[in-house]
Q: 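Mind having a look at this structure? Questions to follow.
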Amino acid sequence: MTLNRRAVLAAPLGLAACASLPAAAPADQTVWTFDRLSAIGGEVTHVEGAPQIVASPFGPAVRFDGVDDALFIDRHPLAGAATFTFEAVFRPDGGPFEQRWFHLQSDEAPGGPGTRIMFEIRVVEGGWYLDAFTKGEGYNKPLIDETKLHPLGQWAHVAQTFDGTTYRSFVNGVLQTGAEIAFKPQGPGRSSVGTRINRVNYFNGAVREARFTPRALTPDQFTSPLR
């Protein structure tokens with residue numbers, strides 16, 4: 001498929017007008033920077049639809065149209081991790097209620113539990129709220145607080161962590177909710193960005209970066225550009 005890299009327009013800056021991303025990552029952290037449409041994080045990347053490279057306050061980002069734009073990456077970057085932090089910098093631009101925009105999926109035999117870690121949003125009048133989700137053998141937990149709304153059209157940092165006991169979610173470093181779960185390390189697999197891995201619930205907005213750490217970080221350790 002021929003990719004259409006259309007002209008870019010700067011996005012609303014919101015909180016991040018003068019921000020910049022941290023220059024260095026910890027040695028155990030994997031960083032995926034969405035400043036291109038191929039070889040994200042050095043991994044094999046498959047493009048569907050016509051996602052665009054657009055400007056952001058932090059450098060180029062990938063814009064998804066909410067219809068059929070997606071990236072599929074041949075790696076589950078948190079496979080094998082008993083504890084973890086999954087961070088992302090993104091801008092939701094409205095659209096349908098359910099948007100499953102970042103999906104890490106383990107490869108399994110048919111009939112498996114559907115082992116995965118996901119970032120989702122729910123778009124409502126007045127903004128969006130976060131849905132962080134993980135599922136595997138013996139655990140199945142969404143983290144949602146629909147009372148904690150955030151503005152559309154602005155860049156945000158989201159994170160989810162598991163410290164060996166408690167699963168937590170954050171927006172711009174602020175705790176959204178948490179719960180104890182019996183998490184088990186997930187197996188190797190693949191990822192999708194801009195849609196759920198089975199190509200439903202597409203995302204309308206942009207993604208700049210994701211970071212994956214095999215330990216639970218505290219909010220003061222997050223690599224957010226929105227400080």
Q: Give a yes-or-no answer on whether the side chains of Arg63 and Asn204 include a donor-acceptor pair shorter than 3.5 Å.
A: yes

Q: Gln176 and side chain to side chain donor-acceptor pair (under 3.5 Å): which partner among His150, Arg168, Lys148?
A: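 Of His150, Arg168, Lys148, side chain to side chain donor-acceptor pair (under 3.5 Å) with Gln176 is met by His150 alone.
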
Q: Restricting to non-hydrogen atoms, name the atom on Gly153 and the atom on Asp93 that form the minimum distance, rounded to 0.1 Å.
A: CA-OD1, 3.7 Å

Q: Between Gln186 (side chain only) and Arg116 (backbone N and O only), is there a donor and an acceptor less than 3.5 Å apart?
A: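 Present.
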
Q: Nearest heavy-atom pair of Leu217 and Thr85: which atoms, and what distance?
A: N-OG1, 2.8 Å

Q: Counting the benzene-type ring for Trp, do Tyr167 and Phe162 have ring centres under 6.0 Å apart?
A: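 Centroid distance Tyr167-Phe162: not below 6.0 Å, so no.
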
Q: Taking all non-hydrogen atoms of both residues into account, name the closest pair between Val207 and Ala61 and its distance.
A: O-CB, 3.4 Å

Q: Calculate, to the nearest 0.5 Å, the distance between atoms NE2 and OG belonging to His103 and Ser191 respectively.
A: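 Output value for this atom pair is 8.5 Å.
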
Q: Please identify which of these residues, Glu108, Lys184, Lys135, meets the side chain to side chain donor-acceptor pair (under 3.5 Å) condition with Thr115.
A: Glu108

Q: Hey, would you say the Trp128 and Phe90 ring centroids sit under 6.0 Å apart?
A: yes

Q: Working note: His76 + Arg190, criterion side chain to side chain contact (heavy atoms under 4.5 Å, CB included); need CA distance, chi angles, decisive distance, verdict.
A: CA-CA 5 Å; His76 182 328; Arg190 57 200 179 103; over 6 Å; no

Q: Find the distance between CD (Gln160) and CG (Asp131) and round it off to the nearest 0.5 Å.
A: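 Rounded to the nearest 0.5 Å, the CD-CG separation comes to 9.5 Å.
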
Q: Could you check whether any side-chain heavy atom of Pro60 comes within less than 4.5 Å of a side-chain heavy atom of Arg208, counting everything from C-beta outward?
A: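 Counting from C-beta outward, Pro60 and Arg208 do come under 4.5 Å.
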
Q: State yes or no: are the ring centers of Phe222 and Phe170 separated by less than 6.0 Å?
A: yes

Q: Does the ring centre of Phe102 sit less than 6.0 Å away from the ring centre of Phe203?
A: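 No, too far apart.
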
Q: Donor-acceptor pair, Ser56 side chain versus Phe58 backbone, under 3.5 Å?
A: yes

Q: Report yes or no: do Phe86 and Met118 belong to one cluster of Ile/Leu/Val/Met/Phe/Trp/Tyr joined by side chain heavy-atom distances under 4.5 Å?
A: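 No, it is not one cluster - the side chains of Phe86 and Met118 are not joined through contacts under 4.5 Å.
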
Q: Of Leu104, Ile117, Thr161, Thr213, which meets side-chain contact (heavy atoms from CB on, under 4.5 Å) against Phe84?
A: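 Testing Phe84 for a side-chain contact (heavy atoms from CB on, under 4.5 Å) against Leu104, Ile117, Thr161, Thr213 leaves exactly one candidate, Ile117.
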
Q: Mind running side chain to side chain contact (heavy atoms under 4.5 Å, CB included) on Asn201 and Gln99 for me, showing each step along the way?
A: CA-CA 5 Å; Asn201 304 122; Gln99 299 184 36; 5.6 Å; no

Q: When rounded to the nearest 0.5 angstrom, what distance separates CD1 in Ile144 from OG in Ser169?
A: 9.0 Å

Q: For Glu137, I'd like to know if atom CD has over 12 heavy atoms of other residues, nucleotides or ligands within 6.0 Å.
A: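 Atom CD in Glu137 is not crowded, with 12 or fewer foreign heavy atoms closer than 6.0 Å.
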
Q: Can you check whether Ile73 reaches Val44 side chain to side chain, under 4.5 Å on heavy atoms?
A: no

Q: Within this structure, what is the CG-OG1 distance for the pair Leu78 and Thr30, rounded to the nearest 0.5 Å?
A: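 Answer for the CG-OG1 pair, Leu78 versus Thr30, is 8.0 Å.
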
Q: Can you name the one residue among His157, Arg211, Gln221 that meets side chain to side chain donor-acceptor pair (under 3.5 Å) with Glu87?
A: His157

Q: Considering only heavy atoms from C-beta outward, does the side chain of Tyr202 approach that of Val67 to under 4.5 Å?
A: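 Sidechains of Val67 and Tyr202: no contact.
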
Q: Should Ile53 and Phe34 count as side-chain neighbours, where that means a heavy-atom distance under 4.5 Å?
A: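 No, too far: nothing below the 4.5 Å cut-off.
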
Q: Test of understanding: clusters of I, L, V, M, F, W, Y form through side-chain heavy atoms closer than 4.5 Å, transitively. Do Val200 and Phe97 belong to the same one?
A: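 Per the 4.5 Å side-chain linkage, Val200 and Phe97 are not co-clustered.
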
Q: How long is the straight-line distance from CZ of Arg75 back to OG1 of Thr45, given to the nearest 0.5 Å?
A: 11.5 Å

Q: Mind listing the closest non-hydrogen atom pair of Pro51 and Leu37 along with its distance?
A: O-CD1, 3.5 Å

Q: If you apply the rule side chain to side chain contact (heavy atoms under 4.5 Å, CB included), what do you find for Glu48 with Phe72, and how did you get there?
A: CA-CA 8 Å; Glu48 293 188 1; Phe72 294 86; 3.6 Å; yes

Q: I need the minimum non-hydrogen distance between Val31 and Ala25, along with the two atoms involved.
A: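 That closest heavy-atom pairing would be CG2-CB, 3.7 Å.
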
Q: Short question: side chain of Ser192, backbone of Ile197 - any donor-acceptor pair under 3.5 Å?
A: yes

Q: Enter the distance from Ser38:OG to Glu43:CD here, rounded to the nearest 0.5 Å.
A: 12.5 Å

Q: Show the nearest heavy-atom pair for residues Gly136 and Pro113, with the distance to one decimal.
A: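 Closest approach of Gly136 to Pro113, heavy atoms only: C-CB, 4.1 Å.
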
Q: According to a 4.5 Å side-chain heavy-atom criterion applied to Ile, Leu, Val, Met, Phe, Trp and Tyr, with indirect links allowed, do Ile121 and Leu152 form part of one hydrophobic cluster?
A: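 Yes, Ile121 connects to Leu152 through the hydrophobic network.
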
Q: Using a 3.5 Å distance criterion without hydrogens, assess whether the side chain of Asp69 forms a donor-acceptor pair with backbone atoms of Ala50.
A: yes

Q: Would you mind checking if Glu120 and Arg196 are paired as a salt bridge, meaning a charged N to carboxylate O distance below 4.0 Å?
A: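 The answer is no: the pair does not qualify as a salt bridge.
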
Q: Whether the Asp74 and His46 side chains hold a donor-acceptor pair (N or O, under 3.5 Å, no angle test) is what I'd like checked.
A: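 A donor-acceptor contact under 3.5 Å links the two side chains.
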
Q: In terms of hydrophobic clustering (I, L, V, M, F, W, Y; side-chain heavy atoms under 4.5 Å; direct or indirect links), are Val47 and Val193 co-clustered?
A: yes

Q: So, for Phe64 and Trp101, is the gap between ring centers shorter than 6.0 Å?
A: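 Ring centres of Trp101 and Phe64 not closer than 6.0 Å.
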
Q: Check whether the side chains of Thr147 and Asp145 place a donor and an acceptor atom closer than 3.5 Å, and report yes or no.
A: yes

Q: Is the ring centre of Phe119 less than 6.0 Å from the ring centre of Phe133?
A: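 They do not qualify: ring centres at least 6.0 Å apart.
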
